[in-house]
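Remarks on the structure that follows.
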Amino acid sequence: MHPDVQKVLLTEEEIRDRVKQLGQQISRDYQGKKVLVVGILKGAMIFLADLVRNISIPTYFDFMAVSSYGSSTQSSGAVRILKDLDRSIEGKHVLIVEDIVDTGLTLKYLVENLNSRGPESLKICTLLDKPERRTVDINAHYKGFTIPNEFVVGYGLDFNERYRNLPYVAVLKPEIYQG
Ligand code: 5GP
């Protein structure tokens, strides 16, 4: 285990099994259709890479990068697009792939923004859900795990850009968050 980690919340095996199930469920639900997976950089990249390899229907990718104003552990609600999609999503079946839904503010913004571009359908798939922290009424159609109100890192999620490459989801030691 990494020396900065206090506890592992989700192991590599747990994540692998659940991601496989999600991919199978998505493949069933979108049977006969093509899906455009929109990955939200950078946090969702590792989840997306594993998820799409478990999807058996025709799958296309695009990416967006957004930043919420505020400190690294608190989202303020204002969202800025750092990188927009490369192509139009009009008439397409779009699946947003996110790392975590916390307050829900980022996702609410993304859903409104992408819905205004005329997709045929728009659904959300998130690896993690922290429902205790929700301030807006938004829910993902596909959820990997519901977790308690703790700041987590690993499997794509960072703290000050570090720890994204940990193969598990973990909580860091308090002294690390305090800097
Ligand atoms: P929301 O807008 O739902 O409050 O926050 C969404 C974004 O905040 C996520 O995409 C993620 O970048 C960040 N975030 C929220 N909770 C956590 C967490 O526990 N760990 C990490 N690393 N990022 C988080």
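Note that ligands are numbered from 1 as they come in the structure, with each ligand's atoms numbered from 1 the same way.
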Should [X] be listed as contacting ligand 1, given a heavy-atom distance under 4.0 Å as the test?
| X | value |
| --- | --- |
| Val152 | yes |
| Arg133 | no |
| Gly43 | no |

Which word best sums up how the rings of Phe151 and Phe159 line up, parallel for under 30°, tilted for 30 to 60°, or perpendicular for over 60°?
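It falls in the perpendicular class, over 60°.
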Using a strict 4.0 Å cut-off to heavy atoms of [X], name the atoms of ligand 1 that fall inside it.
| X | value |
| --- | --- |
| Asp158 | 21 (C), 22 (N) |
| Leu105 | 2 (O), 3 (O) |
| Glu98 | 10 (O) |
| Ile100 | 6 (C), 9 (C), 10 (O), 11 (C), 14 (N), 15 (C), 16 (N), 17 (C), 18 (C), 19 (O), 24 (C) |
| Glu150 | 19 (O) |

As an exercise, state the distance from CD1 of Ile100 to OH of Tyr155, rounded to the nearest 0.5 Å.
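Output value for this atom pair is 14.0 Å.
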As an exercise, state the distance from CG of Leu48 to CZ of Arg53, rounded to the nearest 0.5 Å.
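Separation between the atoms: 10.0 Å.
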Arg18: partners by salt bridge (charged side-chain N to carboxylate O under 4.0 Å, His left out), with sequence neighbours left out
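Salt bridge (charged side-chain N to carboxylate O under 4.0 Å, His left out) list for Arg18, sorted by chain: empty.
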For Lys92, check salt bridge (charged side-chain N to carboxylate O under 4.0 Å, His left out) against everything at least two apart and list the hits.
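With sequence neighbours excluded, Lys92 shows a salt bridge (charged side-chain N to carboxylate O under 4.0 Å, His left out) to no residue whatsoever.
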Does the N or O separation between Phe159 and ligand 1 drop below 3.5 Å for any pair?
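No: no nitrogen or oxygen of Phe159 is under 3.5 Å from one in ligand 1.
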Please compare Ile138, Thr106, Leu128, Ile40 and report which has the shortest non-hydrogen distance to atom 2 (O) of ligand 1.
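Looking at heavy atoms only, Thr106 sits closest to atom 2 (O) of ligand 1.
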Does Val153 approach ligand 1 within less than 4.0 angstrom via side chain, backbone, both or neither, non-hydrogen atoms only?
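None of Val153 does.
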Do Lys42 and Asp99 sit within salt-bridge range, that is, some charged N less than 4.0 Å from a carboxylate O?
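No.
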Crowding at NZ, Lys123 (>12 non-hydrogen neighbours, <6.0 Å):
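Yes, enclosed.
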Count I, L, V, M, F, W, Y as connected when their side-chain heavy atoms are under 4.5 Å apart, and connections chain through other members. Are Met1 and Ile15 then in the same cluster?
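Yes: a chain of side-chain contacts under 4.5 Å links Met1 to Ile15.
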